[in-house]
Amino acid sequence: MKVQSLAIIFFLCFGFSKINAQNYELGKVTIAELQEKANPKDTSAPATILFKRGRTFFTYSKDVGFSANHVYEFKIKIYKKEGLKWADQKVRFYVGYENLHEDRLEFSNAITYNLENGAIVKTKLDNQGTFKKKVNKFWNEKTITLPNVKVGSVIEYKYVLKSENLVKLPDFEIQYDVPVNYFEYKTEIPEYYIYKPISVGNFPIESDAKLVGKSQSFENEHNQSGILSYQQINTFYKGKDVPALIEEPYVNNVDNYRGCIQFELERVRFPDKPDKDYSITWEGVATEIFKNEHFGKELNEKNFLLDDVKRVLTGVESQNDRMNIIFKFVQNKMNWNEENDYYTDKGVVKAYTDQTGNVAEINFILINMLKLAGIDANPVLVSTIENGVPVYPTRTGFNYVIAGALIDGKLVLLDATHKYTCPNILPLNVLNWKGRLIKKDGTSQEINLDPTALSKEFSTVFGKISEVGKIEGKMRIQKTDYDAYAFRIKNAGRNQENYLEKYEEELGDLKIANYKIENAKANFSEPVLETFDFVSDNVVEVIGGQLFVNPLLFFTRSKNPFTQEKRQMGIYFGYPSLEKINLNLQIPDGYEVESMPNPIRISSENKAIVYTLNISKQENKIQISCSKEINNSIFAADDYNGLKDLFQKVIASQNEKIVLKKI
């Protein structure tokens, strides 16, 4: 899979023609802006960001050294009541550092403008409209609610984020769920810090950079004033007419496609000191991560596990059996506290005693036990779907860690934090492009997280059609791998009665009896198997003495999930899959087949998606075989028109009727 499947990403280049930025300032609201009824380029927009301005600059102090200051200004026009939500603004800031002071965030210049009797009326935010809350041990959040916001208002606000974290600058977002008329962003970065800029999205961004002299005064350790002089790279980015990011079906994480400018620190180079690399190579990333005591040290904590390993592996020689036994032991013993991290919090020893831990603690315990069992096991860094995709060497892009065990020359991926996983079946949000297996010696290896085997759902139906259009029969459904895992997760909290009620509704209000299920809550490496009797009277129409039968009965799809004219984002199916339906239908006595749909085979380019429908008649029985094979987890937005057309043909095929007539 190419990176372009997720987003169009390119390195920003400097040295474009000189840009003269327009004068966009807070407090310059006009009557024309207040009178505007709709965005002229997107009349459906409930609001529009008239402009967003940003500035990042560095300040210096003797105690901290350099700190980053990020200033953001917004001016927003409200067109419809759906746009009133923009009156509430929430910004999170990080407070979970070990060696740095907490980030600080302050709102200011929050004003609502309305047009009353032909005059502009300003309403300023008072202190009662600002709120702060603790999200978790890593993040706090500040919220403002602008006053007197109504349809037609223009709102403005500003906030400043001050941070000692220079490794990763905040992304400068240029795309939202409403249009952005104009944006500009200026960075003023001392020569000592080399950042890698990347633009996500396919929007034209103009940029201009120049090297300038800079000096700052500060007080030294003797409370004497000093001057720090250096060269500084000033870069200016701007763009306009960014369309709204619209929700689309089959998307993994919309933020993977959101237009933004990203920066991550590559190198620090101070005079008279050796250069310090941060994220130039994956080997450098691996080395830095292992140095952290909450990572490398915890992977050496094994002795406390030795007795349990010996006990559970008594008489077990096969490495594959050893891996499976240890995995199940850790999965059953440990309970995930729902915290993602690739660093431990309280440590593996205490987590093991408490039988509760974060992702790193549980999977480090798994890795350490596998090593004690003589299995080559290492951590695999992952970014979950909601965290985005690390497209270049990075430490900050990861938020999760799993285990990779080498068994008979093949790498098996393991995650013991979730109760329904099994070897090579990971949580669905972990299936996010590439992971990175890292070793203590500083080497690393890219790991493809996309499953290569097809997850399968096989449905077999034996049914008898009555002359009044009712169908009675038996059904058997088998789900393997990720289809089985998704089923277990979806229905983990449901009792059987609630599940069957929902399932009957999904299958067109048929009635289910004698329901049995195997491997739903045990034997997770085995398929889920459902069997039941059914009665349905919604899939056959009786018209003028003829019976019109949907060839796929209640499995028939009537709507194309892809209805948009254009597509901004890639199409995400989660994992490769094969859905196969076999139906054996007995026609009623006194009837014969007048017509049947023709067999069909539809294939996308390179057979990434293949659909077949075969139908035949033998005596008084109709046999139907239908399969839909999706061989890729994700397709590029450029493939959208082809997929849309393919699915439309599939739906047309499924909705052709079998016609039965009286003899």
Side-chain angles (χ1 to χ4, degrees), residues 26 53-73 91-109 127 130 132 134-135 137-142 157-172 184-197 209-237 261-280 288 291-294 343 394-396:
L26 297 181
R53 297 178 63 204
R55 179 187 174 214
T56 291
F57 63 97
F58 285 48
T59 52
Y60 182 84
S61 70
K62 66 178 178 63
D63 296 323
V64 173
F66 281 104
S67 298
N69 303 268
H70 311 285
V71 183
Y72 304 96
E73 298 177 351
V91 180
R92 290 188 177 185
F93 54 101
Y94 199 77
V95 295
Y97 300 113
E98 291 186 5
N99 302 315
L100 303 176
H101 292 102
E102 296 180 354
D103 289 352
R104 291 170 292 161
L105 186 138
E106 295 295 336
F107 280 99
S108 64
N109 298 72
N127 292 333
T130 303
K132 177 182 176 181
K134 183 179 182 66
V135 178
K137 65 180 180 180
F138 300 108
W139 294 91
N140 282 355
E141 182 179 82
K142 276 197 174 180
Y157 65 93
K158 170 183 176 180
Y159 69 88
V160 179
L161 174 66
K162 297 183 178 182
S163 178
E164 296 174 13
N165 179 11
L166 305 183
V167 174
K168 178 74 168 67
L169 303 184
D171 294 349
F172 184 80
E184 64 179 49
Y185 182 42
K186 184 179 182 182
T187 61
E188 304 168 15
I189 299 175
E191 60 183 312
Y192 314 121
Y193 298 94
I194 308 301
Y195 288 90
K196 179 185 295 182
K210 59 183 178 181
L211 191 65
V212 300
K214 176 72 175 180
S215 62
Q216 292 194 48
S217 59
F218 66 97
E219 287 189 353
N220 61 23
E221 63 273 16
H222 305 295
N223 295 321
Q224 297 173 329
S225 295
I227 299 292
L228 177 66
S229 298
Y230 52 89
Q231 296 290 299
Q232 176 173 284
I233 300 173
N234 289 355
T235 308
F236 183 78
Y237 308 89
I261 305 171
Q262 301 176 347
F263 299 86
E264 180 154 353
L265 186 62
E266 278 190 330
R267 181 181 295 119
V268 175
R269 53 181 189 191
F270 279 99
D272 303 323
K273 291 183 180 180
D275 288 1
K276 184 175 182 180
D277 291 339
Y278 278 79
S279 59
I280 292 180
E288 286 296 316
K291 286 179 181 177
N292 191 292
E293 64 177 9
H294 296 288
Y343 287 144
T394 174
R395 290 176 295 131
T396 59

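These numbers come from the heavy atoms of this one structure, side chains and all, not from hydrogens, waters or symmetry mates.
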Next item on the list: Name the orientation class of the two ring planes belonging to Tyr193 and Phe66 (parallel below 30°, tilted from 30 to 60°, perpendicular beyond 60°).
Entry: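 Perpendicular, since the angle between the ring planes exceeds 60°.
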Margin query: Does the plane of the ring in Tyr185 sit parallel, tilted or perpendicular to the ring in Tyr237? Use 30° and 60° as the thresholds.
Written below: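 If you compare the ring of Tyr185 with that of Tyr237, the planes turn out parallel.
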Which distance, rounded to the nearest 0.5 Å, do you find between the [atom1] of [X] and the [atom2] of [Y]?
{"X": "Thr56", "Y": "Phe263", "atom1": "OG1", "atom2": "CZ", "result": "7.0 Å"}
{"X": "Lys210", "Y": "Ile233", "atom1": "NZ", "atom2": "CD1", "result": "13.0 Å"}
{"X": "Leu161", "Y": "Arg92", "atom1": "CG", "atom2": "CZ", "result": "14.5 Å"}
{"X": "Tyr195", "Y": "Ile189", "atom1": "OH", "atom2": "CD1", "result": "6.0 Å"}
{"X": "Trp139", "Y": "Phe93", "atom1": "CH2", "atom2": "CZ", "result": "10.0 Å"}

Next item on the list: Pick out which of Phe107, Tyr157, Tyr159 makes a ring pair (Phe, Tyr, Trp, His ring centres under 6.0 Å) with Tyr72.
Entry: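 Checked Phe107, Tyr157, Tyr159 against Tyr72; only one passes ring pair (Phe, Tyr, Trp, His ring centres under 6.0 Å): Tyr159.
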Once side chain to side chain contact (heavy atoms under 4.5 Å, CB included) is applied, do any residues pair with [X], and if so which ones, sequence neighbours excluded?
{"X": "Ser217", "value": "Ile227"}
{"X": "Ser225", "value": "none"}
{"X": "Arg104", "value": "Lys162"}
{"X": "Lys137", "value": "Glu339, Asp345"}

Sequence-distant partners of [X], salt bridge (charged side-chain N to carboxylate O under 4.0 Å, His left out), two or more places apart:
{"X": "Lys273", "value": "none"}
{"X": "Lys214", "value": "none"}
{"X": "Arg55", "value": "Glu188"}
{"X": "Lys158", "value": "none"}

Item checked: Non-hydrogen side-chain atoms of Phe270 and Lys276 separated by less than 4.5 Å ->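 No, every pair of side-chain atoms sits at 4.5 Å or beyond.
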Any residue meeting side chain to side chain donor-acceptor pair (under 3.5 Å) with [X], in chain and number order, not counting sequence neighbours:
{"X": "Glu164", "value": "His101"}
{"X": "Thr59", "value": "Asn69"}
{"X": "Glu293", "value": "none"}

Throw together a table of side-chain donor-acceptor distances under 3.5 angstrom for residues 165-172, partners on residues two or more places apart or in other chains.
from	atom 1	to	atom 2	distance (Å)
Asn165	OD1	Val167	N	3.1
Lys168	NZ	Asp171	OD1	2.8

Note to self: Any salt bridge linking Arg269 with Glu191? Criterion: basic side-chain nitrogen under 4.0 Å from a carboxylate oxygen.
What the structure shows: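 Result for this pair is no, no salt bridge flagged.
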Next item on the list: Mark yes or no for whether Gln232, through its side chain, and Phe57, through its backbone, hold a donor-acceptor pair below 3.5 Å.
Entry: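 Not a single qualifying donor-acceptor pair exists.
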Check: Has the side chain of Lys142 got a donor or acceptor atom that lies under 3.5 Å from a matching backbone atom of Leu105?
Finding: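 Yes: the side chain of Lys142 pairs with the backbone of Leu105.
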Note to self: For Ser229 versus Tyr192, what's the shortest heavy-atom pair and its separation?
What the structure shows: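 The answer is O-OH, 3.8 Å.
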